[in-house]
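Residues take their numbers from the sequence shown, with the count starting at 1.
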Amino acid sequence: QLRGPIGFPAAADARRPVVLCPSLLLVALRRPRAWSGLCARMSRMTAPLDMPRTGAAREREESRRQQWRAMAQRGLSTFAAEQPEVFRRRARRGVPVEYRWHAWKAAMCVEQRALPGMYQELLQEENQWTRLIEIDIPRTFPDIPLFDKEHQFSLLRVLNAFANFDPAVGYCQGMNFVAGVLLLVVQKGG
């Protein structure tokens, strides 16, 4: 269940390109328990750095940022694989905003699960759910100005690709909100 501040942006730069990692969408849609667990872990990982800081707390936050910067230079996925306990401990203490999307990808082992070129291949054809997806897209986050036409087009592409990827599941109402939240997270985290 998505709830509370787990690092989703309140606002973001709408000019940045939006690219959704299909591996996270697959986990969200095909393994709801794993997705729920990930959201709970990420909520704990990201909440501490969302609060305002003063004095010694700022120093600890800056020290944490330096640690994450060093981890990112090495590669978060590499670091998580080589030192999983250190990665988990640091993540539990809080992931700085600029590294959250990368931390999500490292926690989900996205690089190991990637299927190069498959997403582009899945985008090439329509399916029996395309029309239903097109109907639901404007209903997705209508009150959030950040979720503009560009986001809606990205959402259409992602949902259509997933329906082609797993025809047994295809598309059902509600998937648009899961994928829409991921699009917002991806935009903020690059």
Any side-chain heavy-atom pair of R90 and M71 under 4.5 Å
yes
Is the distance between the ring centroids of F87 and W68 under 6.0 Å?
yes
Supply the atom-to-atom distance K149 NZ to L156 CG, rounded to the nearest 0.5 angstrom.
11.5 Å
Exceeds 12 heavy-atom contacts within 6.0 angstrom, atom CD of Q83
yes
Just verifying a value: how many Å separate M108 CE and S77 OG, rounded to the nearest 0.5 Å?
11.5 Å
Closest non-hydrogen atoms of N127 and A163, given as atom of the first, atom of the second and distance, are ND2-CB, 3.4 Å
Quick one: does N164's side chain have a donor or acceptor within less than 3.5 Å of a partner on L122's backbone?
yes
Can you give me every donor-acceptor pair (side chain of residues 132-143, partner residue at least two apart or in another chain, under 3.5 Å) with its distance?
unit_1 : atom_1 : unit_2 : atom_2 : d
E134   : OE1    : R131   : NH1    : 3.4
D136   : OD1    : R139   : NH1    : 3.1
D136   : OD2    : Y171   : OH     : 2.7
T140   : OG1    : D136   : O      : 3.1
T140   : OG1    : I137   : O      : 3.3
T140   : OG1    : N176   : ND2    : 2.7

With rounding to the nearest 0.5 angstrom, report the CG to OG distance, L184 to S154.
10.5 Å
Side chain to side chain, R65 and E98, heavy atoms closer than 4.5 Å:
yes
Give a yes or no on this: more than 12 heavy atoms of other residues, nucleotides or ligands lie within 6.0 Å of atom CD of E111.
no
CZ/R64 to CZ/R69 distance, rounded to the nearest 0.5 angstrom?
13.5 Å
Name all residues meeting the salt bridge (charged side-chain N to carboxylate O under 4.0 Å, His left out) criterion together with E85; count only those two or more places apart in sequence or in a different chain, and write none if there are none.
R88
For residues A81 and P84, report the shortest heavy-atom separation together with the two atoms involved.
O-CD, 3.7 Å
Examine distances only and state if a side-chain atom of H151 and a backbone atom of L146 form a donor-acceptor pair shorter than 3.5 Å.
yes
What pair of heavy atoms forms the shortest contact from A161 to L123, and how long is it?
CB-CD2, 3.9 Å
Just so I know, are the side chains of N160 and W129 near enough to count as touching, which here means a heavy-atom distance under 4.5 Å?
no
Is E62 atom CD crowded by more than 12 heavy atoms from other residues, nucleotides or ligands, each under 6.0 Å away?
yes
Please examine the side chains of K105 and W101, heavy atoms only from C-beta on, and report whether any two atoms are closer than 4.5 Å.
yes
Any chance you could lay out the side-chain contact (heavy atoms from CB on, under 4.5 Å) test for W104 and V110, step after step, and finish with the verdict?
CA-CA 9 Å; W104 273 56; V110 169; over 6 Å; no
